[in-house]
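Excluded from the calculations below are hydrogen atoms, water molecules and symmetry mates; all remaining heavy atoms, backbone and side chain alike, are included. In this chain, residues are counted from 1 in sequence order.
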Amino acid sequence: MAHDCSFLADLDLDGEASFGDSARENHATDFGAEERGRGVTPDAVVWPESTADVSAVLAAANDRRVPVTPYAAGTGLEGNAVPAHRGISLDLSRMDAVLEVRPDDFQVDVEPGILGAAVDEAVASDGLFFPPLPSSGDISTIGGMIANDASGMKTVKYGEVSDWVLAVEAVLADGSVITAGSRAAKTSSGYNLKDVLVGSEGTLGVVTRATLELAGRPEQIRGARALFPTLDDAAAAVFDAVRSGVDVAKIELMDATSARMANAYTGTDLPDVPAVYLEFHANHGVEREIEFCRGVFCDHDVERFDVADEDEMDDLWRARKEMAYALQLWDPDLSPLHPGDVTVPISAYPEMVSYVKELADERDLVVACFGHAGDGNLHYTVLVDEDDEEQVEAGTEMYEAAVEKAIDLGGTATGEHGIGLGKRKFLETEHGAESVEAMRRLKRAFDPRDTLNPGKMFPETTEGGRVRLDVPGDDTPPGADDAS
């Protein structure tokens, strides 16, 4: 049902509130939800420009039991920013300042709406960069990355976003403002609230400021592309390289189907065979590391191993970087069904890759496999004719079977996209009923009225359920659905 958000007009905000149809419709989806037609139009949109704005909106909304869903750049793939129960879409994109750079400490303070690429630009003159940016770092915000604990191509060397967040300021559902973490390199003081907030997908608090750790830009950067006769050879080579200790900053896999799609989209003429894309970072001795990797790959029948200097990297990597667009435009009669995002222990990676391709062959489905292979992350995209019910059903079965296989192998349903709307059914399978109940208790402690981003993450929300605490004086009982 719709929520009365007229109270927003009475708030003394630095930012802006809108009830206009255009603004509301523009905040009904994120990238993934729009692709699958799963949008929900909010009742109002607010663009805060300060922590005080965020606090005022949340306090007022919480008092009135109006849902608030944080929104950043809308680049999520699991409907994380969709206002599932309508209410307010809280768009943080105007809070995009670099607040302070401290190069001597390798730190920068930023607001949540800043794009990842803008952080790198702000610190480049000091010879620094923010290593864990995802592939979408030029179009996604730091706040969104923190909310999803994003990661990307360089995770194999540098880790996830959470590994580089030192401290945050956040506003809780009732409008209270907290800080978590420290500018110090380490701390054992109190509960680690920072890591509770990171990856919580906007369900526990809204980050309004972040202190990020930086790294020195490596003096030597080289790229490479290796071609293999089979996908099994390529996956085994990736595992062997990681196990052998090859110091690689990126190691990306593309199967032959992905190569065909990328060739068609980019106009390149690479052989339609499995490929591994690599990037090496070092301050000295990078050529020795490249030769070490080449030697490992030769044990797996590598057919071609091309190396590029930094100024040639864009051409070398173009096919891999354009994969998302290549998928969309591959066949006008086929649509991506759901973005696979499983991650498994690196020793299980070859088995995971092989299993996905077996599933595709058994069901005669077009499935592109690619991903951040060095950290065990596999993206697989099933393409189906949406008018063919049997094909859609087969694609759905395949997608779910692959997720369950990843969990059986000791992995996860989502390595970087988050749970959002799309992976709620797998939460209990992966973590167990008692662990998910502990998550509910945490949610109720931080947000007893389920004000922040309701309808996400928890399995019961697929049927409209809510994760609430029975608060005296509230008219709506916990678990009731108000999003009809």
Side-chain angles (χ1 to χ4, degrees), residues 31-32 35 75 77 133-140 152-156 222-235 237-238 248-279 297 302-308 310-342 349 352-354 356-357 360-361 365-375 377-384 395 399 402 415-417:
F31 184 85
E35 192 174 75
T75 56
L77 295 176
L133 286 183
S135 306
S136 60
D138 57 340
I139 58 172
S140 56
M153 292 186 183
K154 296 192 287 290
T155 303
V156 63
R222 301 286 189 276
R225 180 177 55 220
L227 304 181
F228 290 87
T230 71
L231 187 59
D232 287 343
D233 289 327
V238 169
V248 62
K250 299 179 184 178
I251 183 164
E252 298 283 309
L253 178 72
M254 284 179 60
D255 70 353
T257 302
S258 301
R260 282 193 293 275
M261 293 177 176
N263 277 333
Y265 180 75
T266 62
T268 52
D269 58 356
L270 290 171
D272 294 340
V273 298
V276 175
Y277 289 76
L278 305 109
E279 188 168 298
F297 279 17
V302 66
E303 294 181 333
R304 181 169 158 185
F305 193 96
D306 301 318
V307 180
E310 188 171 357
D311 58 358
E312 302 171 317
M313 296 279 281
D314 286 345
D315 289 339
L316 183 86
W317 275 88
R318 187 181 175 201
R320 173 62 187 91
K321 288 181 177 179
E322 301 287 358
M323 236 358 270
Y325 302 106
L327 280 166
Q328 299 294 323
L329 300 176
W330 169 244
D331 186 328
D333 296 324
L334 299 179
S335 301
L337 183 64
H338 202 93
D341 178 40
V342 297
Y349 195 72
M352 187 70 233
V353 172
S354 178
V356 169
K357 298 308 287 187
D361 292 342
L365 293 167
V366 177
V367 179
C369 286
F370 56 99
H372 315 315
D375 57 50
N377 188 206
L378 178 65
H379 296 314
Y380 59 97
T381 301
V382 186
L383 298 176
V384 298
Y399 164 76
E416 54 189 23
H417 297 166

| request: Can you sort out the partners of A234 under side-chain contact (heavy atoms from CB on, under 4.5 Å), two or more places apart, ordered by chain and number? | output: F228, L253, P274, V276
| field | Counterpart residues, side-chain contact (heavy atoms from CB on, under 4.5 Å), relative to A308 (two or more places apart) | value |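 A308 satisfies side-chain contact (heavy atoms from CB on, under 4.5 Å) with E312, L316 once adjacent residues are dropped.
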| request: Report the residues that fulfil ring pair (Phe, Tyr, Trp, His ring centres under 6.0 Å) with W317, sequence neighbours left out, ordered by chain and then residue number. | output: Y277
| Under the ring pair (Phe, Tyr, Trp, His ring centres under 6.0 Å) test, residues paired with H372 that sit two or more places apart |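 Expected list: H379.
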| remark: Sorted by chain and number, sequence neighbours left out, salt bridge (Lys or Arg N to Asp or Glu O under 4.0 Å) with D331 holds for none
| said: Applying salt bridge (Lys or Arg N to Asp or Glu O under 4.0 Å), can you list everything that pairs with R318, at least two apart in sequence or on another chain? | reply: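 In terms of salt bridge (Lys or Arg N to Asp or Glu O under 4.0 Å), with neighbours along the sequence ignored, R318 is linked to no residue.
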| said: I need the full list of salt bridge (Lys or Arg N to Asp or Glu O under 4.0 Å) pairs touching residues 248-262, with sequence neighbours left out, sorted by first then second residue. | reply: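 Those involving residues 248-262 are K250-E279, E252-R320, D255-K357.
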List the residues meeting side-chain hydrogen bond (donor to acceptor under 3.5 Å, both in side chains) with [X], not counting sequence neighbours, and say none if there are none.
{"X": "S135", "value": "none"}
{"X": "T155", "value": "none"}
{"X": "Y399", "value": "H338, K423"}
{"X": "E322", "value": "none"}

| request: Give a yes or no on whether the backbone of V342 and the side-chain of N377 come within a donor-acceptor separation of less than 3.5 Å. | output: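 Yes, N377 side chain to V342 backbone: donor-acceptor pair under 3.5 Å.
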| Sub-3.5 Å donor-acceptor pair from the side chain of T381 to the main-chain atoms of P339, do we have one? |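 No; judged by distance alone, with no hydrogens or angles, the pair does not exist.
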Can you list, pair by pair, the side-chain donor-acceptor contacts under 3.5 Å of residues 263-270, counting residues two or more places apart and other chains?
{"unit_1": "N263", "atom_1": "OD1", "unit_2": "T268", "atom_2": "OG1", "d": "2.7"}
{"unit_1": "N263", "atom_1": "OD1", "unit_2": "L270", "atom_2": "N", "d": "3.2"}
{"unit_1": "N263", "atom_1": "ND2", "unit_2": "A259", "atom_2": "O", "d": "3.3"}
{"unit_1": "N263", "atom_1": "ND2", "unit_2": "L270", "atom_2": "O", "d": "2.7"}
{"unit_1": "N263", "atom_1": "ND2", "unit_2": "D272", "atom_2": "OD1", "d": "2.9"}
{"unit_1": "T266", "atom_1": "OG1", "unit_2": "A262", "atom_2": "O", "d": "2.7"}
{"unit_1": "T266", "atom_1": "OG1", "unit_2": "T268", "atom_2": "N", "d": "3.4"}
{"unit_1": "T266", "atom_1": "OG1", "unit_2": "T268", "atom_2": "OG1", "d": "2.8"}

